[in-house]
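Keep in mind that what you see is a predicted model, and the values were worked out from it rather than measured.
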Amino acid sequence: LPIVVIEELGCSSSVYPGVLRRITRVFVVETGNSLDVLCDSLGVGFICDAQVIEVNDTQNPQFIDLLSDITLECDNTAAIELAFSNLPTFNDGCNSNVSLNTDSVIIDGACPQNYTVVKTFTVTDACGNISAPHEITITIEDTEAPTITLPTEGFQLECTEPLILEDPVVDDNCDLDMTWTEETIDSGDISTGDLMSTTTYIAMDDCGNISEAVSVVVHIVDTQDPFFSFFPPDTLLSCEQSGGFIPQTAIPADSCSEA
């Protein structure tokens with residue numbers, strides 16, 4: 001039987017560049033001839049012949065389980081972290097010394113919460129063979145509208161009191177610096193008891209998602225009786241004075257409307 005020597009070079013040998021594995025098979029024949037000394041360590045009377053087999057790796061690695069494109073809401077942090085950390089599986093038919101290379105490109109969207117990450121994977125083995133690229137797209141977006149919580153939906157207010165409304169609370173799943181707009185419209189009349197002051201709030205986040213409109217309705221009422229701002233005092237006149245007397249007129253007034 002031949003003597004077999006296997007050298008695992010892994011394509012890293014400077015003596016045998018590009019060789020993954022080198023197999024040497026040495027065949028020994030005993031001749032009995034004292035002049036045959038070609039086999040070291042076997043002494044005289046032997047001749048040797050060697051067969052060298054060089055194994056090269058020209059096969060590219062391949063992906064086994066590919067990743068899929070995915071779209072996620074901006075506040076789904078657990079799923080986003082998983083999508084960024086997921087890796088495809090791969091294999092190489094000849095070489096166990098392979099490395100996965102990842103290149104990521106971030107593409108900004110129309111708002112800070114919207115962006116796209118394009119990840120490109122390639123696999124390289126020790127012999128320099130490179131797989132076909134595997135590309136996936138991870139899209140992060142904000143499609144959820146803000147919400148507005150009002151301190152009250154409405155109340156009744158005496159017409160003499162100032163109308164002061166507390167600010168609403170505005171929340172958004174991804175935008176932390178929310179603002180809102182408000183518009184106040186009065187309807188009805190105080191004299192008929194149906195004067196209403198309606199303040200409507202709307203919020204919009206950075207990505208243009210608009211909340212539902214919510215309103216505070218204040219019913220303004222007048223429960224105070226009219227009064228006289230001036231009433232002439234009682235006057236005692238003699239009959240001689242009554243002819244040229246000009247009576248003073250009382251002045252009516254009301255806190256909320258014309259009397």
Side-chain angles (χ1 to χ4, degrees), residues 10-12 20 57-154 165-184 199-216:
C11 293
S12 60
L20 179 67
D57 181 6
T58 60
Q59 179 178 335
N60 294 330
Q62 293 184 338
F63 289 101
I64 300 174
D65 294 321
L66 301 178
L67 303 178
S68 300
D69 295 341
I70 189 171
T71 299
L72 298 169
E73 190 69 21
C74 56
D75 61 341
N76 194 351
T77 54
I80 292 174
E81 291 177 1
L82 181 61
F84 286 161
S85 62
N86 267 348
L87 299 174
T89 60
F90 49 89
N91 190 23
D92 187 87
C94 300
N95 201 326
S96 60
N97 185 15
V98 294
S99 60
L100 177 67
N101 310 298
T102 305
D103 180 61
S104 297
V105 176
I106 300 176
I107 303 171
D108 294 332
C111 58
Q113 292 77 27
N114 286 2
Y115 60 95
T116 300
V117 178
V118 179
K119 302 185 73 174
T120 303
F121 302 94
T122 56
V123 180
T124 305
D125 65 20
C127 295
N129 302 303
I130 303 175
S131 70
H134 168 43
E135 183 179 285
I136 65 167
T137 300
I138 303 172
T139 303
I140 311 300
E141 60 184 13
D142 181 3
T143 62
E144 186 173 328
T147 59
I148 301 179
T149 303
L150 297 175
T152 178
E153 293 183 356
L165 298 177
E166 295 183 40
D167 288 340
V169 176
V170 182
D171 293 307
D172 188 73
N173 60 331
C174 297
D175 190 347
L176 301 180
D177 186 21
M178 288 298 307
T179 58
W180 69 89
T181 60
E182 62 181 81
E183 181 183 21
T184 300
T199 300
T200 301
Y201 299 90
I202 297 176
M204 183 173 67
D205 64 19
D206 285 339
C207 295
N209 301 303
I210 301 175
S211 70
E212 293 184 3
V214 292
S215 300
V216 176

inquiry  = Tell me whether Q62 at atom CD has more than 12 heavy atoms from other residues, nucleotides or ligands lying less than 6.0 Å away.
reply    = no
request  = Verify the neighbour count for atom CD1 of I106: are there more than 12 heavy atoms of other residues, nucleotides or ligands below 6.0 Å?
outcome  = no
ask   = Step by step, would you call E183 with T181 a side chain to side chain contact (heavy atoms under 4.5 Å, CB included)?
value = CA-CA 7 Å; E183 181 183 21; T181 60; over 6 Å; no
Which pair of non-hydrogen atoms, one from [X] and one from [Y], has the smallest distance, and what is that distance?
| X | Y | result |
| --- | --- | --- |
| D206 | P112 | CB-CD, 4.2 Å |
| N173 | C74 | ND2-SG, 3.8 Å |
| P61 | S131 | O-CB, 3.1 Å |
| N76 | L72 | ND2-CD2, 4.5 Å |
| N114 | C207 | OD1-SG, 3.8 Å |
| C11 | A126 | CB-O, 3.7 Å |

Can you confirm whether [X] sits close enough to [Y] that some side-chain heavy atom of one is under 4.5 Å from a side-chain heavy atom of the other?
| X | Y | answer |
| --- | --- | --- |
| T147 | E212 | no |
| I140 | I80 | yes |
| I107 | V118 | yes |
| D103 | F121 | no |
| N91 | F63 | no |
| I210 | I202 | yes |

Derivation of the side-chain hydrogen bond (donor to acceptor under 3.5 Å, both in side chains) call for T200 and E182 = CA-CA 5 Å; T200 301; E182 62 181 81; over 6 Å; no
Atom [atom1] in [X], atom [atom2] in [Y]: separation rounded to 0.5 Å?
| X | Y | atom1 | atom2 | value |
| --- | --- | --- | --- | --- |
| D142 | C174 | CG | SG | 4.5 Å |
| L82 | I70 | CG | CD1 | 7.5 Å |
| C111 | D205 | SG | CG | 7.0 Å |
| D92 | D125 | CG | CG | 4.5 Å |
| K119 | T137 | NZ | OG1 | 11.5 Å |
| E81 | N86 | CD | CG | 12.0 Å |

task = Tell me yes or no: between the side chains of E166 and T152, is some donor less than 3.5 Å from an acceptor?
result = no
T124-N129 side chain donor-acceptor pair, cut-off 3.5 Å = no
Side chain of [X], backbone of [Y]: donor and acceptor closer than 3.5 Å?
| X | Y | value |
| --- | --- | --- |
| T89 | D65 | yes |
| S211 | A203 | yes |
| T139 | T71 | no |
| H134 | L67 | yes |

message = side chain to side chain contact (heavy atoms under 4.5 Å, CB included), that's the test. Do V98 and F90 meet it? Break it down for me.
response = CA-CA 9 Å; V98 294; F90 49 89; 3.5 Å; yes
query = What orientation do Y115 and F84 show, parallel under 30°, tilted 30 to 60°, or perpendicular over 60°?
reply = tilted
message = Go through it in stages, so that I can follow the logic: the residues are L150 and Y201, the test is side chain to side chain contact (heavy atoms under 4.5 Å, CB included), and I'd like the CA-CA distance, side-chain angles, deciding distance and then a yes or no.
response = CA-CA 9 Å; L150 297 175; Y201 299 90; 3.7 Å; yes
Check against side chain to side chain contact (heavy atoms under 4.5 Å, CB included), C127 and L20 = CA-CA 7 Å; C127 295; L20 179 67; 4.2 Å; yes
